[in-house]
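Just below is one structure, and these are the notes that go with it.
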Amino acid sequence: MNPENARIPKNLIRENVQPIKTTMKMKNVIITSFILALVLSSCADKNQAPTAPPPPVLPVLAITSANTTTDSEYPASIQGTVDVEIRPQVSGNLDRIFVDEGAYVSKGQTLFKINERPFREQLNNALASLHAAEAALINANLEVDKLTPLVQNKVVSDYQLKTAKASQKIAAANIEQAKAMVGSAKINLGYTNVTAPVSGYIGRLPKKQGSLVSASDVEPLTTLSDVHEVFAYFSLGETDFINFKEQYKGSSLGDKIKKLPPVTLILADNNAYPQTGKIDMVDGQFDKTTGAITIRATFPNANGTLRSGNTGKIRLGLQHDDAILVPQSATVEMQDKVFVFTVGKDNKVTKMPITVVGKSGTNYLIKEGVKTGDQIVLSGIDKLQDGQAIQPEKSTKVAEVTNKK
């Protein structure tokens, strides 16, 4: 035993130990109470179930059928009613150019002048040959006149008269040949003056004054387009053409064409040409390489707004009876497919694929997927899941949205 402890009184030791024990018990009670509170709180959280959020309130549209018109657009190329290449008919130097590129010319107006001197000399030569032939005919006539009475009086033989008459016919034939040569020379001389065959607009002028031109040149002197009316050519696939024909009554394609409504031309700037056109021609056969048939629409162009070589689109309207329409805003596209969310009796939605065959304003024309009487979610579909429950909105807002569509 430590000598220092031996000197501490026992009663003092007992007094110091008692408070220490009391303090330890209080700490144990506090810790135990805290643990018990944690356990009770955890049990209470487990017993309390989480509250599910209410289904979203979304507007619902009932599908109906109606008569409507769908617009389809087809690429078109524009040409003048007459697009002609101006080519020289004779060879020679280009002496004069009387027009400028892009100018409007009238029918018969002189465009080019080819050096005419060689052709004028050819005409003079042909005239000289004609005069010689005419003189030879005169001599042949005189010979026949001389021999005719001599044969009648049996002074000369009949053979000589027949020979003179044969020479007379040859002289007459030579005159006809000489006249033809004169006519050909006049035509060639006239070809040196190149005129406009129709009224229209001049194209590019690749040949310049002084150039040697020939009828065998690959490149023409210029092009001339008559565009008081223009032709817009576009093509329809086989299916579109069948639907196109079924829209209108008539025993023949010609009768159907007469009943076709006007068509619209959409220009390259996406604006509509102010005047409508009329379909007046359908090609006689389909193109084997493209499987399409060419159709022509004629448009008036008095102001010359359209030119040959313009491009655009033909907007063709097709009538549909009892068509099912769905607003585009009520659809979602995924992987080249279009879907709507239909609403069942239990207010659960189903993601339904639909087949779109055209557009009418802001609506899709539906062939398959939904039918009259089905209900679809009108908006708020971007966060919907297949099989999710919703609360359909029965209010005037749905009717207002439907009327706008």
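Worth saying up front: this structure is predicted, and the values here are computed from it rather than measured.
The closest side-chain heavy-atom distance from D322 to N67 is below 4.5 Å. No side-chain heavy atom of N310 sits under 4.5 Å from any side-chain heavy atom of L267. Looking at E121 and N125, their side chains never come closer than 4.5 Å, going by heavy atoms from C-beta outward. Contact of the V99 side chain with the Q109 side chain is registered, since non-hydrogen atoms from C-beta on lie closer than 4.5 Å. By the 4.5 Å heavy-atom criterion applied to side chains, T81 and H228 are counted as neighbours. No side-chain heavy atom of T294 sits under 4.5 Å from any side-chain heavy atom of F234. A 4.5 Å side-chain heavy-atom check between R117 and R120 finds every atom pair outside the cut-off. Using a 4.5 Å cut-off on side-chain heavy atoms (C-beta onward), T222 and F112 make contact.
Counting only distance, with no hydrogens or angles, the side chain of E101 and the backbone of L205 share a donor-acceptor pair below 3.5 Å. Side-chain atoms of N301 come within 3.5 Å of backbone atoms of V227 as a donor-acceptor pair (strictly under, hydrogens ignored). A donor-acceptor distance shorter than 3.5 angstrom exists from the side chain of Q388 to the backbone of Q385, with no hydrogens or angles considered. A donor-acceptor pair under 3.5 Å links the side-chain atoms of D83 to the main chain of G80, judged by distance alone. One N or O on the side chain of S167 and one on the backbone of T163 form a donor-acceptor pair closer than 3.5 Å.
A ring-ring contact (aromatic ring centres under 6.0 Å, His included) check over residues 186-218, counting only residues at least two apart or in different chains, returns the pairs Y104-Y201. Screening residues 131-159 for ring-ring contact (aromatic ring centres under 6.0 Å, His included) gives no qualifying pairs among residues at least two apart or on separate chains. Among residue pairs with one or both ends in residues 229-240, those qualifying as side-chain hydrogen bond (donor to acceptor under 3.5 Å, both in side chains) are Y74-D240; sequence neighbours excluded.
Looking at every heavy atom in both residues, L221 comes nearest to R87 through CD1-C, 4.3 Å. Residues A330 and I376 come closest through the heavy atom pair CB-CD1, 4.0 Å. Looking at every heavy atom in both residues, F299 comes nearest to A232 through CE1-CB, 3.8 Å. Closest non-hydrogen pair, Q391 versus P55, comes out as N-CB, 4.2 Å. R307 approaches G304 most closely through the heavy-atom pair NE-O, 3.3 Å. For K278 against L260, the heavy-atom pair with the smallest separation is NZ-O, 2.5 Å.
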Can you list, pair by pair, the side-chain donor-acceptor contacts under 3.5 Å of residues 209-216, counting residues two or more places apart and other chains?
unit_1, atom_1, unit_2, atom_2, d
Q209, NE2, D95, O, 2.8
S211, OG, K208, N, 3.3
S211, OG, K208, O, 2.8
S214, OG, S91, OG, 3.2
S214, OG, S216, N, 3.3
S214, OG, S216, OG, 3.1

For residues 334-351, run the donor-acceptor check on the side chains, cut-off 3.5 Å, and write out each pair with its distance to 0.1 Å, sequence neighbours left out.
unit_1, atom_1, unit_2, atom_2, d
T342, OG1, T350, O, 3.3
D346, OD1, K348, N, 3.2

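Residues meeting the side chain to side chain donor-acceptor pair (under 3.5 Å) test with D269, sequence neighbours left out: N271.
In this structure, CG in D374 is found 8.0 Å from CD1 in I324, a value given to the nearest 0.5 Å. Expressed to the nearest 0.5 Å, how far OG of S225 lies from CD1 of I78 amounts to 12.0 Å. Taken to the nearest 0.5 Å, the CD1 atom of I366 stands 14.0 Å off from the NZ atom of K371. In this structure, CG in L189 is found 9.5 Å from CD in Q122, a value given to the nearest 0.5 Å. The structure places CG of L378 at 9.5 Å from CG of L58, a figure rounded to the nearest 0.5 Å. Atom CD1 of residue I63 and atom CG of residue L325 lie 8.5 Å apart, to the nearest 0.5 angstrom.
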- Intermediate values then yes/no, side chain to side chain contact (heavy atoms under 4.5 Å, CB included), L224 and I202: CA-CA 5 Å; L224 180 61; I202 294 293; 3.9 Å; yes

- Message: For V60 and I390: C-alpha separation, side-chain torsions, deciding distance, then whether side chain to side chain contact (heavy atoms under 4.5 Å, CB included) applies.
- Response: CA-CA 10 Å; V60 173; I390 68 166; 4.2 Å; yes

- Query: Should V105 and S199 be marked as a side chain to side chain contact (heavy atoms under 4.5 Å, CB included) after you check the CA-CA gap, both sets of side-chain angles, and the distance that decides it?
  - Reply: CA-CA 6 Å; V105 297; S199 298; over 6 Å; no

- Task: Carefully, step by step, assess T289 and D287 under the rule side chain to side chain donor-acceptor pair (under 3.5 Å).
- Result: CA-CA 6 Å; T289 58; D287 190 320; 2.6 Å; yes

- Message: Assess the residue pair Q168 and N141 against the criterion (side chain to side chain donor-acceptor pair (under 3.5 Å)); give the C-alpha distance rounded to whole Å, side-chain angles, the decisive distance to 0.1 Å, and a yes or no.
- Response: CA-CA 6 Å; Q168 184 186 38; N141 291 335; 2.3 Å; yes

- Message: Let's go through I187 and Q89 carefully: what are the C-alpha distance in whole Å and the side-chain angles of both, what is the deciding distance for side chain to side chain contact (heavy atoms under 4.5 Å, CB included) to 0.1 Å, and is it a yes or a no?
- Response: CA-CA 10 Å; I187 291 174; Q89 299 297 310; over 6 Å; no

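Counting non-hydrogen atoms of other residues, nucleotides and ligands closer than 6.0 Å to NZ of K113 gives a total above 12. Remark: Q177 CD is loosely packed, at most 12 non-hydrogen atoms of other residues, nucleotides or ligands lying under 6.0 Å away.
In this structure, R296 pairs ionically with D280, as a charged nitrogen and a carboxylate oxygen lie closer than 4.0 Å.
Exactly one residue among I295, I279, T264 makes a side chain to side chain contact (heavy atoms under 4.5 Å, CB included) with L316. That residue is I279.
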